[in-house]
Every structure is written in structure tokens, then in C-alpha cells.
Amino acid sequence: MPELHSVYRHREFGDHLTTLADYERAGGYLGLKEALALSPDDVLYAFHRSGLRGRGGAGFPMGRKASFLPKDTGKPTYVVCNADESEPGTFKDREIIEHNPFQLIEGISIASFAVGCERAYIYIRGEYEHQARVLDAAIAEAREAGRLGPDALGPGRPLDITVYRGAGAYICGEETALLESLEGKRGQPRLKPPFPAVAGLYGCPTLINNVETLAALPPIMHRGPDWYAAMGNEKSPGTKLFSVSGHVLNPGNFEVVLGETTLRELIYDMAGGLRPGREVKAVWPGGSSVPVIGADSLDVALDYEALNGVGTFLGSGGCIVMDDSGCIVRASWRLAQFYRHESCGKCTPCREGTGWLANILGRMVHGEGRGDEDIRLLESLFGRISGRTLCPLADGAVMPVQSALELFRDEFVRVAHEGSPRPVPMTEAPVG
Amino acid sequence: MTVAEIEQYLAPIRHEYPDPRSLIIPALKYAQGDAGWLPPEAMAAVAEATGFSQAYVESVATFYDRLYVDEVGRYCINVCVTLSCMLRGSDELFEHIADYLGLDGEGTTDDGMFTLARVQCIGACDRAPCLQVDSGVQLGPLEPADATCLIDDLRAEPAPARYDR
Amino acid sequence: MADAGNTPAAGGDAAGAGGAPADVVSLTVNGRTIEAPKGTMLVDAAKAAGIEIPIFCYEPRLGAPIGACRMCLVEVEGMRGLQTACSTPVAPDMVVNTESEVAKDAQDGVLELLLANHPLDCPVCDKGGECPLQDRTFRFGPGETRTVEPKMHFPKPLDLSPLVALDRERCIACYRCVRFSQEVAEDGQLTFQERGDHTEIATFSGDPYEGRFTGNTIDLCPVGALTSNPYRFVSRPWDIKNTPSVCAGCSMGCNVEVTERDNEVKRLTARPEPNMAVEEGWICDRGRWGYPALRSADRIDAPLLVDAVGRRKVLLDRAVNEAGGLLGGRDLRVGILLGEPVTVETGFLATELAERAGNGAGMVRRMGIPGHGLGPLRDLPGAQMHHLDAADVIVVVGGDPCAQQPVAELRLRKAHRRGARVVLAGPRPTALDPACQVLRTTPGHLQDAAPAIAEVLEGSARAIVLWDEADLAAEPDAAATIAAVVAGTPGARAIELAADVSGPGLRALGIDAPGDLLAAIEAGEVDVLVTVQADPTTGPDGDRWSQAIAGVPRVIEMATYRSGLTDRADLVLPLLTALEDEGVLVSMTGRAQRLRPAARECPDAAAAWEIIIALTHRLGRPVPDRTPAQAFARLAAVHAPFAGLSYGALGTTGAVVAASSHGGPAPRREAPGDGLLVVPCTPVFGDATAHRSDALASVLEPTRVGLAPAEADRLGVRTEARVRIATPHGEAVLPLEVDSRLHEGAAYLFTGDPQAGAMRLLPLDRGPVRAVVGVVQREEVSA
Ligand SMILES: Cc1cc2nc3c(=O)[nH]c(=O)nc-3n(C[C@H](O)[C@H](O)[C@H](O)COP(=O)(O)O)c2cc1C
Ligand code: SF4
Ligand code: FES
């Protein structure tokens, strides 16, 4: 299946669009122009019509979320772009920022016009310092050109964008933790309600969207919401970015129309397939926080519903592939370590539970497992950690491990008894 | 790092945030540029420049991986060891670098040149196995030999005037 | 009185309880239909109906729920997943199950996870036996632990301060202590560091946790992570007895719980059921760690008698007989002087004694401020502390509640956080200055703040003015003006920041300040002076008292601690402290509350009321009472402010007595002479109790003189020098503190420690006075 470059305009154009001139030459800012010709409410309606769903992980309809923001509260309204991109296996937003930053800026401008925001923030993970500088430069250029500043959204309609750098914490990708961090606090999720739409940044109505979500807006406004809605299928319209990594020969990002491509095509046709003689063993299709699926699910179409159908989620689109040289318990252990490290520590099940999971899996991998007892312990812990926390990080920590145990039970039992020697990693194997 | 210097750094961005609390992390990052980490005096200066308590500032600083409240070397070599990188040899890469630096796992070299750390996904799984020196560009995919060269090159560089972590 | 704990002093009750009836919601919990006011959180609604939902992090006094510990998960029909009962408000027809299998498994699970890294050292933990984690594990938790992983280990324990110890491995990260520090005391010192399972409580760079309220974190901690250093390993919960009582450290009247073991007071904490109308469950560190004063070396442990044989210890019975003898003569003129703390029962019995001793016309007076000119302020509608929670404007006039009535500061901060306008008018810098609006007045000129105060009150609907007894007594003109301003503000009420602990109660009995008693002594018109917890020689105008008392034929001292009178007295009767005594104290808001005896550390000491009752027997005209309760019932029958009250009516949280005032406005008084106007100040950790308690050694504040830098420059002295300060009443040599927040033209006199003799320098009525501050010659030479 062909790729379709709507968010990755630079790929369509064939070069980086890191100057405003190049971006405009590639059709940039036509979307904002269309939007400014409408009323803010009509723009909100266009978001709705497009069927665009949030690309940060949860897939919540973007237009609906934007319409939750109360109007005339007497307080400012904020648009916050979630550029934390910390989900393991996900690096799609990075490419937008590096190569097509103006499309994000234009998208933020459109969203800001729709909800009446005068200062937007891009919360970018601290590790993306290089990318943050690309954004800084692009924003400066846009400001210079009057695309940001006092009349950015028309005469007397100001908008400016602040790039706010995180400092190394996965949890700050969770929207309320992000807001806390942006407010200068420890990045720990807030109790909801109130939701950010009502009381978000500095207690004001706030629209938070992922980079990809916002970067999808310019083509939607330019070519019309119906054009967008016509792509893909009814519940999953439009294009989606997938980052493919792990045991594939050609890791990278791919923009595909939702529902039109299968996982197998993504892995084999786009990401170069596997080393000769290797077969897919496990795939985490939507970042590491989703249930893992096996080789028998490769023909699933890549859209929200179809992936749910095989017991997993589309998530962030960070597709991690492991071939049959990998050990599923070791992989699960590695992910458990990730969540243990990243748990913010606010709520008990996550703070204590992620560490416990990592400990058990670590013991198993290192040959110190207690056989079936550990398997039973694991099984009893899943339900005590997930579904009981303040934010979904803990669910994300449990899902890949729990699904792996269900799918690869025999291997877990074996490792619980015998341990798991470290496999030969891909680089040291002959690349075919 | 003096209070005045931090205030001077914050002056042009103050207006961007309705609550001065939002200045704490930018101020910490800036203050960290001086020594490459945040000694208590640096955090105290941030506290004064932003108007929040020292304990609060330290509490914020310790939450984030890339704010260092313990001394680190001239270069922080952060090797990603999360799943995608692991599958492509990050553990081996890490061990190779540790060996080369004469370290037993994570830590700082005796000469204070390098601090080696395992870190979680740095958003460059397409370049796995990858690493990041301070907050530089994500580098990869790296063969062990590439890493050795990188370290030799860093060793040859003059000390940076400011640190970007 | 149905809700004695929240009874307003006078006027309409704007704060909650008595307002418009809140909408009531009806819901089902565990199959039972219950009702709760709209907005109530599920935990509280269930609790009110007798259904316990376990919690750790929830503590409404710390602000909005944070839902962190996940202990309170319950099932709510129609809501996805489990809900935290601490943060889910009741809704009409809600169906809640706290005991379903899923809910039980959640509770079990959270406890199991909490215990995964919690050491099972309950047998050696101070909290063991009174530990919510332990209790909840028994009630709601798993039978066994399934961890084989090594638990976290920290070197233990860490001293957060000399007073508070931290066992990091016991911490369950419930946020309570951190929220207290950040959001209640607003001292910003206690925080979390690191994240995830490395999260730990810490101060900046390991500095000690300093403050006036640090001990509350111990009460808040639901496990044994924060413990009291002075109480560490002192006793086990099954060896102790806890008694609800009242702190006699200042006029706030904070409700406390006193822990006794082997007849010794081992600990003092806030009550588990706080008195929301008074201290709200927060107490200050001086009150908390003052109890070791009971065992201080200067405690009088036996009666002392001076007679022909010399000075010696005698049995109490003998001593009381001797006292009876001294007071018996028909024509003797008797004076009784009451100090602090003295209960209303003791005050009342003292008046009865005066009628039975000597010529039957004895004078009973209290050490304290006469209060001429305070009538108009005292006639204002009164408020209780919880009314501050609903006030829109709060003005503090004079004094420094942060130092004198420390816990009041926490209510003021709370009001300020809520958005109330808090204004501080007066000559002293206070701990609240950085947060609130300050109207700094020139010493002696509170009057100048009146127009600004009027402006602040303008348009307010629920203003509360806290006024300082000592400052306004010294400036009666300001008292009259400000009283008029408040009286002219609809809905405004007042709280008196009373200068001493006994004052409000003894005033309600009509007992006056001692001016005429001193005059009578000087005129040779007193044959026997009886003091009860009073040492006038170290108080205001102490030198004059000393001289006068030298001429009194007989002195009987009843006191807990040795004083300037002890060597002079013919008879010394050892008294119990407030922690050992029984009786009623009236707080600055007029709340009569019961002291209950927690222990009796000194077997040869007695309660003042006991001794006085015995004396009336010796004098052959016994009062009918055998207990303070009986004395209270009798005094309530004759003293109008207490009408209708009894121990039963006071309950555990007290009741408000009717305000009593006397006298109209008085003219302005100027301090005679020249020199700097004296501004008396009370340091928190500087009073007699703080000096006697070894637990407070690390925070003790010296008695000292404070000067503005310009004033110090003029003298050519700097901080740490010692200066001589002289008023018409006496002089003292004290350390100097230079502070740029102080006014020029004034000498700030930080009093407290009676031994340092600073109070002596003030006039008897604590009116305005000037002091000459000079360099100490000898040091000048040696320097
Ligand atoms: C633990 C956790 C981490 C997350 N990390 C990210 C992230 O890095 N980037 C992101 O866009 N959304 C992330 N999310 C999702 C956000 O909470 C939020 O749903 C998203 O920013 C909304 O934007 P969208 O509707 O455009 O997807 C994360 C969520 C959780 C629970
Ligand atoms: S689930 Fe984990 S990351 Fe989320 S709030 Fe709780 S402790 Fe923090
Ligand atoms: S008491 Fe409800 S989450 Fe802690």
C-alpha cells in the first residue's frame, strides 16, 4: 500500500521544510487562511467533521475535545501541544518537528483560533533539545514574518508560542502531569475531574493535543474536513504515522491511510521486513503500553477498531517488532524496568507494583525464578496494579506483560524455571 | 551561578508565564549549564530568583532525570536501553563503552570526563542502538567501534563553556 | 449546647454549620440508605453513617483530596472501574459498595503493595499499636506477605530536626507531611525528592526542618515514618493512657491529648478528633514539647516552711495547717495574687478564701492587664477561630499572633489561601508579613492605622478583627477608634488576642488587675500575701513589687516552680501544673474548656483548688465543694458569664462564655521621659516553659533587645553585643539583635524567660514606657 503524506508534507515535497519560504512554497499556511475566513465555531465544526482522533495514544476525537472548552469564562484559554514523545518505540513527532516544524506551528495557530487562545505552549521532552532548537528557530521566523505575534490570527488577534522544555520524565507525556510540569511542579498527574478542557493550565480552559494531531489540522482546513474524513474508514479516518523499530531491517516512520494497510505490510513492505530466516514473534503495535500481539495477528488492518479486535491498541503508533530470536520474558522485563523507572510515585499500586513486577521478571530472567509460584504471583498482581491508579501509566505497565504471559505462557513457565540467557542482538548478526 | 545571572536569563521570558513557578525548570536548566550539574548553591540561587523555597526547587529538580543534583562528568553518555534498542544490541553497546571507559557499569570515570548512564527511550528507536551525549542529537545506530571513536573525539575536545543537559 | 465545638461567641453564625441548610443527598452504601449534604465526599458520608472506608492520604484539613494512596477504592454503580471515595462527592441515588469482592480486593491489594516495601518492624516502631497502617492491615488487609524481594533499606533513622525523626523505609508516600509543610504551615521546607519507588521525604540539602509547627507532621503520619525524637522508644501504646486536655501555653486554648505512663507525662499531641472551632487539630511545637518542663530542676517538689528552726521541707498536711494558721487571725488583712495558669475554679475558690481568711475583706487580684479603655472592643460581637474560615476581610491590630498565639497563624494562612484579605496592622514584623498586606505603624501609634483599617473594612460583610490586649490597653485612644470602626461595619466581629492564659477566665469572675493590691502592700495594709502561680517580682514593675513585698509580714507562695518569691516566702506550697490539674480555662475567644489531669508527677504537690478547699476547712468555714466540678457548678450559679454551664455542658470541646466587659473609653497616655519607646514582643520559643523543657533546647530563643540598624549604629553596637536597657522601672543587660524590619525610635523587648528579667522593665499596667539603651561598659573595655 502506498504511503500518503499529509502530515509529513516534507516527504511529499521531497525535502526538509525548515524555512518558512519552503513551507509556504509547499502549500503551507493555506489551511490557516481557510480557517481565518471562517468563524471559530465553524473551525471547531470542521475539526469535528474531519473525524480526526487524537494521535497521542488515547484516540479521543479531537473536535469533541476542543468543543469541551467552556467559552467566556473570563479567563484566558490555552492550547498546549504535547511534544513529550516518550512512549518507547515512538519517534514520529520528532520527524515533524525536525523536518516540518511550520506545519505544527500552523496547526497550533488553527487550533488557537478555534478556541480563542493567545499564548500556546509546546511542551517538548528535554531529550529533544536539538528538535526544540529547530522549533525555536521556526517560531522566531514565523514571528518575524508576522505569522506569530500581535496580528497572527488577523488584525488585533495575537498568538505567540512558547517552547517549554521538559527535563526527563516519561510521565510528563500524560496530559495532567504535563500541565503540572509546565506549571513548574513535579510532573505528577492530577486527579480528574476537573479535566484540562475545563481547568487545565493555570486553572484555565486548556486544549491539549499531540504534535501529530495538531499537524494534521492544516491539510484538514486546506483541503476540507470531508476530504480528510473520506480517507480511511468511518471510525478511523485520515492518515496516521507509524514508527517501526526493533528487529526490522528498515526502521523508520511511515504515514499511511488508516485501515488501508495491514501490520504485515507495514513491517514487510515498508520497514524492510526481517532478517532472512527470521519470523515475527511479537509486536507491540502502539508503543510499549499496549498489549503485545503475535504472528497470527499480522494481517490486522492498521486502524483503531481493527487493532482492538486483536486485543491491542493503536496507541501512539510506535510499532516495536521482535523476531523469533528474542525472548519474550526478557522483553517484558525490560519494559517493566521502564515503567518502574518512570512511575511518578504518586499512587501506591503503580509506585510499588511496577517495581515488584520488574523484580519478579528480573529474577525469572536471571534464573532465580520460583517456577509456577512466580507465574501465579504475576497473574495475581496484574489486577492489583491496573485499573486502580490515578493515571493510565500503571495500566500501560501491566498490559504488555500480562498479554505476553497470556500469549507466551509456555515460555514464561520455562523461564520461571530455567532463566533466559541473553540472546544475540540484531547488530551482531549478519544483516542480509 | 549568581542570582543576578539567573534573573537576567529569566527577564525576557518572564512574561510568557502567568505564574512565576513555571520559571523554575527553565531556571534550573540554565543554572545547570554552569557546572553541568546543580550544586545546592545553584538550586538556592534558582529559589531566590524565582521566589520559591529551596526545598521546593530541589524537590522539582530531583523529579527529572536530566536535572542532576549529584556531580557528573564533563560529558554524560546516555545509552538508551529500552526495548527497541535492547533488541538491537544496546546492552552490548553499553558494556563496551563501560569497558572502554574502565567503568563497572554506570558511573563517572576517575578523571571526571565521562558519566555513563543507562537511560530510557530517547525517541530515536529508528537509530537503535543509540545514545545521546548530554542533550545532543540522538546518535545511532552505533557499532561498538563507533562509540569508541566518539569517546576519543570527545576526549580531544576542549571543555565546553556551558553544558547543555 | 448541641455542638459545643462550633458554637459562635455571639452574633449570627456565618461559618458553615448554622448557615442555610445544605442540600441533602440520599444514596445507598452497602445496601443501606444514607443521607449526606451535597458536596460531601463519599468517605465522609459513609463515616457519618458508621461505615469505615479505609484511607491514608485523605485529610481534608490539608486541602482538596489528592487521591494518591488508592486505599479508599470502592465500587459505584454505573461508574467505570473503582472510584476513590475520598475524592468522589455524593450524588443523588448513588449506589456504593465498599465491601464487594472487587472493592475488598482493591483494599487488600493496596495494603499488600504498601507493605511490599514497608519493614515489618512494628514491635520496635513507636507507632506500633496506634498505627493506621497496622490497624488497616488487620481490618482490611492481606493475611500474609508474598514478597521475596529485598525491601528498600535506608540507614535509619534520619533526624529531620532535633525534634522529628524520619524512618524513610517506613514512609508510604501519603503526602500528608509534605502537604502540611507546603500548604498549611507554608514553610516550604518539607518536600518529596526523587520519584517513583525512590520517592522520599526530604528537606533542602538535608537541612533541619525548622519551624513552629513541625510536630504536626508526626500526628499526621499514618505510619511510623515520622516520630517524635523526645518520645522515641519512650513507651508502647499498650502501656500508656491518653487524656484529652487543653494546652495552657497561651490564650488560644488548643485542645490536646496528653499521654501518661507510670504517672509521668510522656507526650502531648493534637487530639485525634480536633476541635474545629479552636486549633483545628494543629498545635505548635512549644505546646507539644513543653511537657518536659514538668520535670525541670526548679520544680518545687515539697512544701517549704520557714520558722524558728529554719527553712525546711515539711509534709503537705503540715504545710496546709501552717497556712491555715497564718491566715486565721481575725484582724489580718489578706491579699491574694493569681498568676498563670489559674483555673476559674481556683480563682473562684480564692475569692471564697478571701472572705474566710483574716478579716474577711481580703483582696483577690490577677497578674495581668487592667484593660481600661478596652470596654468598647470587648463589647463587639465575638467570633471563634473557625469563623475566620468564612471571613472576607481579616485585620490583625497590634500584637503578633504568629508568636503569641502561634496556632492562630495557621488559620490566618488558611483564610489567606482561600482568598480572604488579611491585613496586619502594628509595629512588629510578623511571620505573616511576606504573605499578607502590612500596615506598619510607628510604635505607640496604632491609632494611625485606623483610617486604613476603616478603608479595608469598607464593604466587607464578614470581617473579623483580631486585636491585641496588651497593645490596645497601652493605647486606649486607638482602642476606642478601632472599636468604633468595627462597630460601624455590619457583620464585623472581633477576637481578643489575650495576653495571658488566666486573664479571660478570671476577668469573667470579676477579678481585677493588681494595681490597688500593690498600693495596699506599699502602704503596709497587707499582713499576709498569698500568691498562686504568680511571681510579681519578675513581672511588670518587678522591682517595685520586690521592695513592697519585702515589707509584708507573711508571704505564702503557692507555685509549681521556684521563683523570685520562693526565698522570701514563709511558706511554699507546691502546685500541680496544668497538665496534672483539673479545672476550666477560658480561652481568648471566651471558650471555657476543661483541663483533665493526665498524670501526677510530683507526689507532694497539690492542686491549688485542693489546697484552698483544705484551707477553708482549717479556717473553720469550709466551702461545700470536694471537686472542681462542684466549684464550677457553684460559680456558674453566681457569675453571669458562666450561667447555665456545667462540666457536662462543656463536654470535650468546651462552650463559649458570655463576654464580659467593664469600663468605657480611656484617654491616650504618653510614655513619660525620653529614650526609645519599648515594644514588648513574645518569642515563640522564649517563654518560661520553653526554657524549662529540655526537648526545646535546640530551638530556644533568647530574651533580647531588638533595634533597627540605624538605632544600633547610633549606639555603635552590632548584633551579638550585649546592651544595657533601662526604664523607669528597672534595668537589664541583654543580648542585642539588629533587624532591618524594626522601627527606628523603638526598643523591641523580646521577653519570655522570667529569669532574664525583661518583663520587670515594663510598667505594672503594661502601658507605654521608654527605655534608654546603652553599651555595656565592661565589654567595651575588653573588646
Ligand atoms: C503515561 C502516559 C504517557 C503519555 N505520553 C504521551 C506523549 O508522550 N505524547 C503524547 O502526545 N501523548 C501522551 N500521552 C497521552 C496524553 O495524556 C494525552 O492523551 C494526549 O496528549 C492528548 O492528545 P491527543 O488527543 O492529540 O492524542 C500519554 C499518556 C499517558 C498516560
Ligand atoms: S499511575 Fe503511576 S504514574 Fe500515574 S499517577 Fe499513579 S504513580 Fe504516577
Ligand atoms: S484516601 Fe483516597 S486515595 Fe488516599
Side-chain angles (χ1 to χ4, degrees), chain A residues 167-172 177 185-194 199 337-363 368-370 373-374 376-378 380-395 397, chain C residues 41 56-58 63-75 80-84 86-89 101-103 105-118 133 142 145-152 171-175 178 182 191-200:
Chain A
Y170 164 68
I171 187 60
C172 293
K185 301 175 187 158
R186 294 160 61 83
Q188 294 187 310
R190 298 175 182 170
L191 203 59
K192 293 191 268 194
Q337 287 177 301
F338 170 82
Y339 291 102
R340 165 193 227 152
H341 183 80
E342 300 298 347
S343 165
C344 84
K346 187 168 181 177
C347 50
T348 311
C350 174
R351 181 185 64 243
E352 306 294 342
T354 51
W356 201 352
L357 280 186
N359 281 343
I360 299 167
L361 293 167
R363 271 199 290 103
E368 292 155 26
R370 296 177 307 165
E373 194 180 344
D374 272 344
R376 278 196 302 274
L377 180 56
L378 277 177
S380 74
L381 279 181
F382 296 142
R384 299 202 140 179
I385 301 168
S386 69
R388 294 184 174 174
T389 53
L390 197 63
C391 90
L393 182 138
D395 301 350
Chain C
M41 295 301 166
F56 284 114
C57 67
Y58 182 58
I66 57 166
C69 74
R70 318 304 288 177
M71 189 63 227
C72 62
L73 290 171
V74 297
E75 244 189 311
R80 230 183 51 206
L82 296 166
Q83 307 300 316
T84 43
C86 70
S87 64
T88 308
E101 213 164 295
V102 198
D105 183 64
Q107 291 159 8
D108 209 69
V110 168
L111 279 169
E112 175 176 41
L113 288 162
L114 280 176
L115 294 172
N117 264 313
H118 188 89
L133 178 60
T145 161
R146 300 183 296 164
T147 27
V148 292
E149 276 67 44
K151 302 193 181 213
M152 292 269 188
C171 171
I172 59 165
C174 72
Y175 282 75
V178 169
Q182 300 293 326
T191 55
F192 274 133
Q193 286 188 7
E194 306 297 331
R195 77 172 185 235
D197 54 5
H198 288 89
T199 307
E200 62 179 68

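In what follows, every chain begins at residue 1, and chains take the letters A, B, ... in the order their sequences are listed.
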Between A:Arg186 (side chain only) and C:Phe192 (backbone N and O only), is there a donor and an acceptor less than 3.5 Å apart?
yes
Whether the side chain of C:Arg70 engages the backbone of A:Arg388 through a donor-acceptor N/O pair (distance < 3.5 Å, no angle test) should be reported.
yes
One option among A:Gly355, A:Pro189, A:Cys344, A:Gly387 has the most heavy-atom pairs under 4.5 Å with chain C, and it is A:Cys344
Could you look at C:Glu194 and say if it's the side chain, the backbone, both or neither that has a heavy atom under 4.5 Å from chain A?
backbone
C:Ile172 side chain near A:Glu352 side chain, heavy-atom distance below 4.5 Å:
no
Pick from A:Gly383, A:Ser380, A:Pro193: which one has the most heavy-atom pairs with chain C under 4.5 Å?
A:Ser380
Are the side chains of C:Asp197 and A:Arg340 in contact, using a 4.5 Å heavy-atom criterion?
yes
How close do A:Leu191 and C:Ser87 get, counting heavy atoms only, and between which atoms?
CD2-CB, 3.3 Å
Closest approach of A:Gly345 to C:Thr199 (non-hydrogen atoms, all atoms of both residues):
CA-OG1, 4.2 Å
Distance-minimising heavy-atom pair for C:Cys69 and A:Thr348:
O-OG1, 2.8 Å
Please flag which part of A:Leu390 lies under 4.5 Å from any non-hydrogen atom of chain C: side chain, backbone, both or neither.
both
If the test is side chain to side chain contact (heavy atoms under 4.5 Å, CB included), which one of A:Arg351, A:Gln188, A:His341, A:Lys346 qualifies with C:Arg195?
A:His341
If you take all heavy atoms of C:Val110 and A:Pro349, which pair is closest and at what distance?
CG2-CG, 4.3 Å
Considering only heavy atoms, which portion of C:Glu200 lies under 4.5 Å from any heavy atom of chain A: side chain, backbone, both, or neither?
neither
